[in-house]
Visitor: 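Sharing a structure, written as structure tokens. Questions coming.
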Number of protein chains: 2
Amino acid sequence: MSLDETDSKLVQHLMRQGRTTWSELANLLGLSAPAAADRVRRLEERGVIRGYAAQISPEAAGCELLAFIAVSLEQSQQRAAFLQRVEALSEIQECHHVTGADDYLLKVRCRNTQALERLISQELKSLDGLKTHTTIALSTVKETSALPLSAS
Amino acid sequence: MSLDETDSKLVQHLMRQGRTTWSELANLLGLSAPAAADRVRRLEERGVIRGYAAQISPEAAGCELLAFIAVSLEQSQQRAAFLQRVEALSEIQECHHVTGADDYLLKVRCRNTQALERLISQELKSLDGLKTHTTIALSTVKETSALPLSAS
DNA sequence: GGTGAAACATCGACGGT
DNA sequence: ACCGTCGATGTTTCACC
């Protein structure tokens, strides 16, 4: 289940650069190209690599606003309906079930405050007994998808 | 500054699949391979595409724990030191300056509660006047890097 | 933005350790 | 079980239209 040293180097490179050419990966690892490709394929099969994506500037894509919404569900029979809405709404980037006074924490990106208002008032608050508490991000200091490598 | 319809389709595909082959992109857009490559290169130069990355399963990489830490800075002269620490700590994936009672919201991934304790007690709380409020994620319902496309 | 040819990278089969 | 070599195939790249 855990990663050997070569896989660690590989994963770390893939997190930063994405997949470029096998030959580049190969001489990074001191292997031949087919061997590097094999390792990547195995990591994909094991689910360590979930996929590949381009990182898009949210502002360039017209998403100027970033907000975190804490959600409380006071009627637990609304849970399924809430989770269904979370999946359906493309503005909701993340939804975590969390400890503390609230039930869920949402990370939301949208065009402007008007779009946020619509999301909260029409999409979320239309569920009975659902309370929200919204925090707006004024600026982002750091945002990376890189994980701390573990030497295990 | 804004994206035409072809660029929108392109960006949407790149967010989901990463960069595969020019020919695949080309016939998705109804263009020739060099034309598709040109568009991608221009988007990279404009900063719309920030880069490419593999999506790694945090659990597979040994990061079992996800937490959100709200940080209050009661002495504003500590701000520079705090931001420097944020950059240096690889467990901190995100740091946003936010509205509300607290100043910053951190998204943190680490190995276990022991690593989280070390991060909070030794790395963060060692700054004078810094208060934290930590929320643990029990499970993650949704987590995507995709953005809602805007037709502009 | 399209076309063609040269350069390059990938994929699969085979052999070695 | 994992890695290297080699040849066939497919893809990118560049000059030019």
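Within every chain, numbering begins at 1; the chains are lettered A, B, ... in the order of the sequence lines, protein sequences first and strands thereafter. Atoms considered below: every heavy atom in the structure, side chains included; atoms not considered: hydrogens, waters and symmetry mates.
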Visitor: With a 4.0 Å cutoff (strictly under), does any side-chain N or O of A/Ser23 reach OP1 or OP2 of C/dT10?
Guide: yes
Visitor: Are any of B/Trp22's side-chain N or O atoms less than 4.0 Å away from OP1 or OP2 of D/dG10?
Guide: no
Visitor: With a sphere of 6.0 Å drawn around CD of A/Glu74, does it hold more than 12 non-hydrogen atoms of other residues, nucleotides or ligands?
Guide: yes
Visitor: How long is the span from the CD1 atom in A/Ile136 to the NE2 atom in B/His96, to the nearest 0.5 Å?
Guide: 12.5 Å
Visitor: Pull out every residue in residues 26-42 of chain A that has a heavy atom closer than 4.0 Å to any atom of DNA chain D, ordered by number, or say none.
Guide: A/Leu31, A/Ser32, A/Pro34, A/Ala35, A/Arg39, A/Arg42
Visitor: Name all residues meeting the side-chain hydrogen bond (donor to acceptor under 3.5 Å, both in side chains) criterion together with B/Arg42; count only those two or more places apart in sequence or in a different chain, and write none if there are none.
Guide: none
Visitor: Measure the distance from CD on A/Glu45 to P on D/dA1 and round it to the nearest whole Å.
Guide: 13 Å
Visitor: Say whether A/Glu24 and A/Thr20, considering side chains only, have a donor N or O and an acceptor N or O under 3.5 Å apart.
Guide: yes
Visitor: Send over the distance from A/Leu25 CG to C/dC11 C1', rounded to a whole Å.
Guide: 16 Å
Visitor: Any ion pair linking A/Glu5 and A/Lys9 (charged N to carboxylate O, less than 4.0 Å)?
Guide: no
Visitor: Looking at B/Glu117, I'd like to know if its CD atom is crowded, meaning that more than 12 non-hydrogen atoms belonging to other residues, nucleotides or ligands lie closer than 6.0 Å.
Guide: no
Visitor: About how many Å separate CZ of A/Arg118 and CG of A/Leu124, when rounded to the nearest 0.5 Å?
Guide: 10.0 Å
Visitor: Using side-chain hydrogen bond (donor to acceptor under 3.5 Å, both in side chains) as the criterion, list what pairs up with A/Asp102, not counting sequence neighbours.
Guide: A/Ser72
Visitor: For A/Phe82, which residues count as a ring pair (Phe, Tyr, Trp, His ring centres under 6.0 Å) partner, sequence neighbours excluded?
Guide: A/Tyr104
Visitor: What is the distance, rounded to the nearest whole Å, between atom CD of B/Glu24 and atom C1' of C/dA9?
Guide: 17 Å
Visitor: Is the NZ atom of A/Lys142 crowded by more than 12 outside heavy atoms at less than 6.0 Å?
Guide: yes
Visitor: Any luck finding a side-chain donor-acceptor pair between B/Ser57 and A/Arg46 under 3.5 Å?
Guide: no
Visitor: Which atom pairs link the protein and nucleotides 15-17 of chain C when you take only N or O atoms and keep those under 3.5 Å?
Guide:
none

Visitor: Using five base pairs at each end to define the local axes, how bent is the helix from C/dG1-D/dC17 to C/dT17-D/dA1, to the nearest 10°?
Guide: 40°
